[in-house]
Amino acid sequence: MSELISDIKKLKKEKNAVILAHCYQNAEIDEVADYVGDSLYLSRMAAETDADIIVFAGVYFMAQTAKILNPDKKVLLPRLESGCLMADMINLEQVREFKAKYPDIPVVCYINSTAEVKTECDICCTSSNAVKIVKSLNTPKVLFLPDNYLGKWVEEQLGTTEVITYPGYCPTHLRIKQEDIIEAKKKYPEAEVLAHPECHREVVKLADYTGSTTGIMKHAIESDKKQFIIATEKGVVDRLKRDYPEKEFILIKDNIICPNMKWHTLEDIYNALANEQHEITVARETAQKALLCINRMLEVSA
Ligand code: 13P
Ligand code: SF4
């Protein structure tokens with residue numbers, strides 16, 4: 001293993017490459033990653049890097065976003081199977097139909113969407129800046145896609161804007177049920193419950209804190225509490241356990257795993273760098289239009 005890690009580091013240097021890893025990745029990938037974080041942080045790092053090659057240990061839409069932000073760089077996704085089930089719930093035709101049903105309302109799209117879908121939207125958001133982005137539009141109504149749950153959570157947080165949502169969802173986060181939280185609270189009465197806004201509304205209502213991947217991690221680190229029930233993907237719990245052994249982190253259920261995030265292994269990262277595979281490309285016109293949507297988000301949340 002350590003030989004593989006040093007080979008990856010050597011290749012990275014030789015090829016002036018950077019490795020970005022989402023917090024849901026297998027934790028071993030952190031050993032070689034330059035940046036580990038949530039979608040917003042990784043988009044920012046992708047926008048700022050001066051590396052020639054970006055290896056994205058994340059899902060397809062994340063690598064696609066990095067490519068849109070860096071049309072002249074080589075962006076590699078180690079395993080092409082790494083799609084996001086939520087992003088695949090809406091295509092170009094469906095976003096056009098959704099807009100036609102509610103004309104003249106600004107469209108916010110969660111970054112968990114394809115480049116084609118982004119071309120039809122006004123501004124992007126991630127789970128960490130969704131409230132800020134919707135607020136920045138300063139309109140009584142917005143369309144929000146693809147995640148119904150994040151959209152409705154934003155509506156509740158703001159209390160000023162009607163958020164008309166598309167019926168997309170994350171199958172991993174929806175595995176967490178209200179009863180799971182009730183049971184966990186009974187078992188660990190002192191623990192704080194931290195949840196991702198992609199969860200069911202009933203789950204979020206029972207949580208002490210709701211936020212993005214990084215928001216959850218930051219809250220757990222800064223809290224005076226010692227025990228936490230985590231209602232999001234297992235990768236977050238693995239990292240918290242590794243980095244803060246003095247605190248206790250309980251994954252709400254064993255199966256809260258995004259299978260697509262877990263494809264990449266260190267061997268795949270090595271092969272990606274050695275063979276410069278699998279290169280992500282985005283048609284020029286699509287990339288230019290999608291970039292407007294992504295850049296508006298980066299400007300508002302700077
Ligand atoms: P973050 O915005 O918290 O990184 O979440 C991305 C994601 O895919 C959650 O399921
Ligand atoms: Fe997509 Fe859900 Fe996986 Fe996040 S956890 S990448 S939303 S399928």
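Ligands are counted one by one from 1 in listed order, and the atoms in each one are counted from 1 as well.
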Novice: Name the closest protein heavy atom to atom 8 (O) of ligand 1, giving the residue it belongs to and the distance to 0.1 Å.
Specialist: N112 ND2, 3.1 Å
Novice: Looking at ligand 1, would Y41 count as a contact under a 4.0 Å heavy-atom criterion?
Specialist: no
Novice: Is there a donor-acceptor contact under 3.5 Å linking the side chains of E190 and Q227?
Specialist: no
Novice: May I ask you to check whether S127 has an N/O atom sitting below 3.5 Å from an N/O atom of ligand 1?
Specialist: yes
Novice: Hydrophobic clusters here meaning ILVMFWY residues chained together by side-chain heavy-atom distances under 4.5 Å, can you tell me if Y41 and I216 are in one?
Specialist: yes
Novice: Answer yes or no: does an N/O atom from T213 fall short of 3.5 Å to an N/O atom of ligand 1?
Specialist: yes
Novice: Starting from atom 7 (S) of ligand 2, locate the nearest protein heavy atom and write down its residue, its atom name and how far away it is, to 0.1 Å.
Specialist: N112 ND2, 3.3 Å
Novice: Check the hydrophobic clustering (I, L, V, M, F, W, Y; side-chain heavy atoms under 4.5 Å; chains of links allowed) and say if M86 and Y169 are grouped together.
Specialist: no
Novice: In terms of atom number and element, which parts of ligand 2 are under 4.0 angstrom from non-hydrogen atoms of L85?
Specialist: 8 (S)
Novice: Which heavy atom of the protein is the closest neighbour of atom 10 (O) of ligand 1, given with residue, atom name and distance?
Specialist: E198 OE1, 2.9 Å
Novice: Would you find a donor on one side and an acceptor on the other, under 3.5 Å apart, between the side chain of N26 and the backbone of T265?
Specialist: no
Novice: Taking atom types as modelled and ignoring hydrogens, do the side chains of S212 and T214 form a donor-acceptor contact shorter than 3.5 angstrom?
Specialist: no
Novice: Could you identify the single nearest non-hydrogen protein atom to atom 5 (O) of ligand 1 and state the distance to 0.1 Å?
Specialist: H196 NE2, 3.5 Å
Novice: Quick check on contacts: which atoms of ligand 1 are under 4.0 angstrom from a heavy atom of S212?
Specialist: 3 (O)
Novice: At a non-hydrogen distance cut-off of under 4.0 Å, which region of M86 contacts ligand 1 (side chain, backbone, both, or neither)?
Specialist: neither
Novice: Quick one: nearest non-hydrogen protein atom to atom 3 (Fe) of ligand 2, plus distance?
Specialist: C258 SG, 2.4 Å
Novice: Looking at K73, is its backbone amide N or carbonyl O close enough to the side chain of N70 to form a donor-acceptor pair, meaning the two atoms are under 3.5 Å apart?
Specialist: no
Novice: Which ligand 2 atoms are under 4.0 Å away from a heavy-atom of Y24?
Specialist: 5 (S)
Novice: List every atom of ligand 1 that sits less than 4.0 Å from any heavy atom of H173, numbering the atoms from 1 in the order shown and giving each element.
Specialist: 10 (O)
Novice: Examine distances only and state if a side-chain atom of T49 and a backbone atom of M45 form a donor-acceptor pair shorter than 3.5 Å.
Specialist: no
Novice: Do we see a donor-acceptor contact under 3.5 Å between the side chains of H196 and T210?
Specialist: no
Novice: Could you check whether H173 and Y149 have their ring centres less than 6.0 Å apart?
Specialist: no
Novice: So that I can check it, does any N, O or S atom in C84 come closer than 2.8 Å to atom 3 (Fe) of ligand 2?
Specialist: no
Novice: Tell me whether Q25 contacts the main-chain N or O of M261 through its side chain, where contact means a donor paired with an acceptor under 3.5 Å.
Specialist: yes
Novice: Any idea which part of E198 is under 4.0 Å from ligand 2, heavy-atom wise: side chain, backbone, both or neither?
Specialist: side chain
Novice: What protein heavy atom lies closest to atom 6 (C) of ligand 1? Include the residue and the distance to one decimal.
Specialist: S39 OG, 3.4 Å
Novice: Could you see which bit of E233 sits under 4.0 Å from ligand 1, with heavy atoms only: side chain, backbone, both or neither?
Specialist: neither
Novice: Got the closest protein heavy atom to atom 4 (O) of ligand 1, with its distance?
Specialist: H22 NE2, 2.7 Å
Novice: Which of the numbered atoms in ligand 2 are under 4.0 angstrom from any heavy atom belonging to C170?
Specialist: 2 (Fe), 5 (S), 7 (S)
Novice: Checking ring pair (Phe, Tyr, Trp, His ring centres under 6.0 Å) against H219, which of F228, Y209, F249 comes through?
Specialist: Y209
Novice: So, applying side chain to side chain contact (heavy atoms under 4.5 Å, CB included) with I123, which one of I294, N295, V108, V134 is it?
Specialist: V108
